[in-house]
Protein chains: 2
Amino acid sequence: MDIIQYFKFQHLLTDDITERLSKFIHRKTYTKKELILPTDNNSKNIFFIEQGTARVFYAKKDKDVTLYFLQENKIGLPVDSIFYNQVCKFGIEALTETRVATIAYEHWATVAKENIGLLQFSQQLMVEYIKNATDRIYHLKFQTPKERYDTMVSEFPSIFLQAPLGSIASYLGITQETLSRLRAKK
Amino acid sequence: MDIIQYFKFQHLLTDDITERLSKFIHRKTYTKKELILPTDNNSKNIFFIEQGTARVFYAKKDKDVTLYFLQENKIGLPVDSIFYNQVCKFGIEALTETRVATIAYEHWATVAKENIGLLQFSQQLMVEYIKNATDRIYHLKFQTPKERYDTMVSEFPSIFLQAPLGSIASYLGITQETLSRLRAKK
DNA sequence: TGCATTTTTTGATTTCAATCAAAAATCAAC
DNA sequence: GTTGATTTTTGATTGAAATCAAAAAATGCA
């Protein structure tokens with residue numbers, strides 16, 4: 001969904017604010033496998049996935065691990081860069097053709113400073129992010145690979161159609177071979 | 001540190017706001033091993049550790065896993081309960097004698113609604129939380145148990161003096177026996 | 001101080017997933 | 001449609017940590 005539509009859909013933002021924000025938004029469509037954000041960058045942009053699917057990953061030497069997947073209407077936030085002015089270890093890769101709306105955090109913050117609605121909206125996004133991260137840690141620590149796989153199948157079946165097995169396996173914390181075997185025994 | 005002192009120390013909050021907040025704050029000192037927040041509760045409080053150390057954990061049957069540790073001036077936030085009105089799976093346990101300042105999220109939000117400084121402060125806390133969670137996932141997925149152990153020794157050496165080995169081991173994602181062995185070889 | 005309980009360490013064995021390797025299947029380009 | 005590249009599956013082996021079990025050490029408290 002178009003980010004502006006999405007904002008309005010959230011009911012927190014007025015037309016006035018969304019229009020101010022829209023001036024700062026840049027859009028770009030990425031092809032499959034293209035990097036939306038390279039690793040070890042210090043981008044201070046917010047990445048909103050308008051269409052398609054991407055994955056947030058960390059890569060080093062031969063290791064490549066998927067941190068999480070970004071589906072439509074989700075936001076990728078290089079926290080380290082934006083809030084700590086450090087290079088962000090993670091990159092974002094398009095898994096399908098993906099349309100991304102980008103806005104510099106600086107602009108976002110400027111508008112938010114004068115508008116409590118946007119600040120509350122930011123907070124809501126962060127709460128969502130925290131919820132996901134907390135659930136993620138819980139799953140990584142409490143479930144067996146098989147259980148994590150089952151959870152994923154029921155919650156994000158569509159990812160299996162869009163992401164290569166290796167990316168999914170590293171998200172689940174197992175190797176591609178193990179995932180292939182889990183999947184084989186139904 | 002006293003929560004009010006800490007707020008002032010952050011420079012975002014005025015005396016006026018901190019005083020309004022202080023009316024809603026309740027304090028309690030917990031003894032070692034006492035539960036600050038039981039698991040599967042639906043408390044809508046913010047828990048600020050004024051003094052001591054606690055751990056956030058999940059327990060079920062024979063499993064007991066430490067999600068993270070809370071040291072002085074850190075906040076425990078039952079996200080599921082506060083923002084999703086669900087029972088929060090996690091509990092908080094005092095590892096040492098611990099003084100906790102509690103404030104109902106409702107009150108916090110009321111004051112925040114009228115005060116952009118507090119809202120920004122909330123955001124800062126959330127950013128910190130996100131940073132920790134992201135780093136956590138990274139460590140869990142990229143480091144070997146030995147590396148995670150070394151990281152912890154250098155970053156939180158004091159935890160080793162306060163938490164039982166089992167709690168630390170489950171935080172690191174290994175068994176107590178494995179941690180004991182890691183520790184033995186230098 | 002001495003006893004009981006809890007915590008930590010050490011030892012032996014097992015197990016599950018990683019690794020290494022290669023075949024099969026799928027996909028993409030010509 | 002054929003070829004080549006990539007992705008997925010299958011097979012054999014290895015290895016690191018879990019598990020099971022018990023001893024040793026530390027802690028608490030009467």
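Quick note on labels: first sequence line is chain A, next is B, and so on, each numbered from 1. Just so we're clear, the structure is a prediction, and the values are computed from it rather than from any experiment.
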Colleague: It should be established whether A/Arg181 places a side-chain nitrogen or oxygen under 4.0 Å from OP1 or OP2 of nucleotide C/dA17.
Modeller: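 No, A/Arg181 has no side-chain N/O under 4.0 Å of OP1/OP2 on C/dA17.
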
Colleague: How many whole angstroms separate atom CD of A/Gln143 from atom P of C/dA17?
Modeller: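 Result: 13 Å.
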
Colleague: For this output row, return yes or no: ring centroids of A/Phe57 and A/Tyr171 closer than 6.0 angstrom.
Modeller: no

Colleague: Take atom CD of B/Gln162 and atom C1' of C/dT7, then tell me their distance rounded to the nearest Å.
Modeller: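 Distance check: B/Gln162 CD to C/dT7 C1' gives 17 Å.
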
Colleague: Using five pairs at either end of the helix from C/dT1-D/dA30 to C/dC30-D/dG1, determine the angle between the two local helix axes and round it to 10 degrees.
Modeller: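 The helix from C/dT1-D/dA30 to C/dC30-D/dG1 shows an end-to-end axis angle of 50°.
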
Colleague: Examine C/dT7: is either OP1 or OP2 under 4.0 Å from a nitrogen or oxygen in the side chain of B/Lys33? Give yes or no.
Modeller: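 Answer is yes, contact under 4.0 Å.
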
Colleague: CD of A/Glu177 versus P of C/dA17: gap in Å, rounded?
Modeller: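 Rounding to the nearest Å, CD of A/Glu177 and P of C/dA17 are 13 Å apart.
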
Colleague: Is any side-chain nitrogen or oxygen of A/Arg183 closer than 4.0 Å to OP1 or OP2 of D/dT9?
Modeller: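 Checking D/dT9 against A/Arg183, a side-chain N or O does come within under 4.0 Å of OP1 or OP2.
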
Colleague: Quickly work out the A/Lys146 NZ to C/dT15 C1' distance and round it to whole Å.
Modeller: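 Answer to the nearest Å: 18 Å.
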
Colleague: Report the distance from atom CG of A/Leu140 to atom C1' of C/dA17, rounded to the nearest whole Å.
Modeller: 16 Å

Colleague: Side chain of B/Gln176 only, please: which of C/dA18, C/dT10, C/dT8 is the nearest?
Modeller: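 Nucleotide nearest to B/Gln176's side chain: C/dT8.
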
Colleague: Provide, to the nearest angstrom, the distance between the CG atom belonging to A/Leu179 and the C1' atom belonging to C/dC16.
Modeller: 16 Å

Colleague: Could you walk me through whether A/Glu177 and A/Ser180 pass the side chain to side chain donor-acceptor pair (under 3.5 Å) check?
Modeller: CA-CA 5 Å; A/Glu177 293 93 326; A/Ser180 176; over 6 Å; no

Colleague: Just the rounded figure in Å: distance from C1' of C/dA17 to CG of A/Leu182.
Modeller: 10 Å

Colleague: Between B/Asp80 and A/Lys131, is there a salt bridge with N-O shorter than 4.0 Å?
Modeller: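 Counted as a salt bridge, because a side-chain N and a carboxylate O are separated by less than 4.0 Å.
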
Colleague: Salt bridge or not between B/Lys8 and B/Asp2? Use side-chain N to carboxylate O under 4.0 Å.
Modeller: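 No salt bridge links B/Lys8 with B/Asp2.
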
Colleague: Would the B/Phe69 and B/Phe156 ring centres measure less than 6.0 Å apart?
Modeller: no

Colleague: Send over the distance from A/Ile174 CD1 to D/dT8 P, rounded to a whole Å.
Modeller: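 Rounded to whole Å, this separation is 13 Å.
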
Colleague: Quick check on the 6.0 Å ring-centre criterion: do A/Trp108 and A/Phe7 meet it?
Modeller: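 Yes, the ring centres sit under 6.0 Å apart.
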
Colleague: Return yes if a side-chain donor-acceptor contact under 3.5 Å exists between B/Thr66 and B/Ser170, otherwise no.
Modeller: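 Present: a donor and an acceptor within the cut-off.
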
Colleague: Does the side chain of A/Thr178 get closer than 4.0 angstrom to OP1 or OP2 of C/dA17 through an N or O atom?
Modeller: no

Colleague: Would you say B/Thr175 places a side-chain N or O within less than 4.0 Å of OP1 or OP2 belonging to D/dA18?
Modeller: yes

